[in-house]
Amino acid sequence: ANPFPDANRIGSQAIPKPPRVEPQRGAIDIEALARGKAPLPDGGSTSGAATVPLRIFITLDMPQASLQLRAASRFGTDADDLLWSDAGLAAASRPGCTQRRARRLLAAGVTEVVDLTCGLGLDAIGFAAAGLNVLGVERDDAIADLARRNVAQRGLDDRVTILVGSCQEAVSWEHLPRQAWFVDPARRDPGRVRADGSHIRLDDAERWSPPWSWVKAQIGVPQVLLAKAAPGIEHRLLAQSDDGDESIDTEVEWVSEDG
């Protein structure tokens with residue numbers, strides 16, 4: 001008896017007809033999809049995916065696939081194995097910039113850094129890959145989970161710990177390491193979106209998250225404070241302290257990748 005009564009035949013090989021999947025919106029577990037065990041919107045599964053042609057997934061909304069395509073245009077193959085969010089991709093530092101920061105911390109004798117604005121964990125990955133131990137702080141549970149997956153995907157989870165919390169609260173944690181802190185404020189307006197889906201940049205540094213005045217207030221708390229800002233920030237805001245205290249060494253640098 002034919003075990004595949006609805007099969008199309010190519011020569012003598014029976015190939016089951018793919019189940020019809022109506023276009024639907026909704027998240028799909030990308031990792032499960034890769035293993036051939038992702039649940040489908042109709043309640044089915046991709047288990048036994050060897051008999052289910054991949055084309056059945058074309059009509060599904062797969063935001064991770066779209067984000068990875070966008071990430072690849074900036075990060076090349078470095079984006080392939082990572083999970084992304086729209087805001088995280090917009091704020092992500094290019095690998096060369098992250099590597100430069102890591103080298104400078106190592107040159108300063110730093111062995112451990114706290115990434116107070118961890119996001120998707122890209123800077124944490126760069127720091128850890130350079131040999132630094134990293135504690136990441138991320139305020140959003142879902143983004144923190146993506147960061148943990150990204151760190152584990154790169155095999156760096158023995159060097160990176162990610163905790164959930166606000167950076168503005170974390171600095172008061174009793175046992176927070178104080179050798180080096182890295183802060184990369186969110187600089188886009190979550191409530192204003194361009195036609196292409198990207199968020200409008202915020203020019204007012206006091207509307208960043210955390211605000212630039214808060215970042216500057218941390219000068220002198222850790223031994224080394226490393227902060228990232230928009231290249232168009234007003235130069236007057238880069239003065240090391242608002243009260244003119246010159247007792248702490250500070251430096252400002254502009255970094256451009258590929259000119």
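What's counted below: heavy atoms across the whole structure, side chains too, no hydrogens, waters or symmetry copies.
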Starting at CD of Gln64, measure out to CG of Leu69 and round the result to the nearest 0.5 Å.
11.0 Å
Contacts of Ala229 that satisfy side-chain contact (heavy atoms from CB on, under 4.5 Å) - sequence neighbours left out:
Trp208, Trp212, Ile233
Val164, Leu116: one ILVMFWY side-chain cluster at the under-4.5 Å cut-off?
no
With distance as the sole test, does Glu138 use its side chain to make a donor-acceptor pair with the main-chain N or O of Gly119 at under 3.5 Å?
yes
Within-4.5 Å side-chain heavy-atom neighbours: Trp214 and Cys167
yes
Closest contact, heavy atoms only, Ala92 versus Leu122
CB-CD1, 3.4 Å
Under 4.5 Å between any side-chain heavy atoms of Val134 and Phe182, yes or no?
no
I want to check something: taking the side chain as every heavy atom from C-beta on, are Arg101 and Phe127 in contact at a cut-off of under 4.5 Å?
yes
Run through Leu82, Val151, Leu83 and flag the one making a side chain to side chain contact (heavy atoms under 4.5 Å, CB included) with Leu146.
Leu83
Ser66 side chain to Pro63 main-chain N or O, any donor-acceptor pair under 3.5 Å?
no
What heavy-atom pair brings Leu67 and Trp84 nearest, and what distance separates the two atoms?
CD1-O, 3.4 Å
Indicate yes or no for a side-chain donor-acceptor contact from Glu206 to the backbone of Pro211 under 3.5 Å, with no hydrogens or angles considered.
no
Minimal non-hydrogen separation, Asp78 against Pro95, with atom names
OD2-CG, 3.6 Å
Could you tabulate the donor-acceptor pairs under 3.5 Å formed by side-chain atoms of residues 108-115, not counting sequence neighbours?
residue	atom	partner	partner atom	Å
Thr111	OG1	Gln179	OE1	3.2
Asp115	OD1	Thr117	N	3.2

Counting only heavy atoms not in Arg139, do more than 12 sit closer than 6.0 Å to its CZ atom?
no
CD of Glu253: more than 12 outside heavy atoms within 6.0 angstrom?
yes
Is the closest side-chain heavy-atom distance between Val255 and Arg100 below 4.5 Å?
yes
Does Asp203 reach the side chain of Glu234, with side-chain heavy atoms less than 4.5 Å apart?
no
Can you list everything that forms a ring pair (Phe, Tyr, Trp, His ring centres under 6.0 Å) with His235? Sequence neighbours excluded, please.
Trp254
To the nearest 0.5 angstrom, please state how far the CG atom of Asn150 sits from the CD1 atom of Ile143.
10.0 Å
Heavy atoms, side chains only, cut-off 4.5 Å: are Ile125 and Leu156 in contact?
yes
Are any non-hydrogen side-chain atoms of Asp157 and Arg148 less than 4.5 angstrom apart?
no
For the backbone of Arg74 and the side chain of Arg94, can you confirm whether one donor and one acceptor N or O come within less than 3.5 Å of each other?
yes
Testing the basics here: between Ala142 and Asp140, what is the closest heavy-atom pair and its distance to 0.1 Å?
N-OD1, 2.9 Å
Using a 4.5 Å cut-off on heavy atoms from C-beta on, say whether the side chain of Val137 contacts that of Trp173.
yes
If every non-hydrogen atom of Cys118 is compared with every non-hydrogen atom of Ala147, which pair is closest and at what distance?
SG-CB, 4.4 Å
Least distance between heavy atoms, Asp81 atom then Gln153 atom
O-CG, 3.2 Å
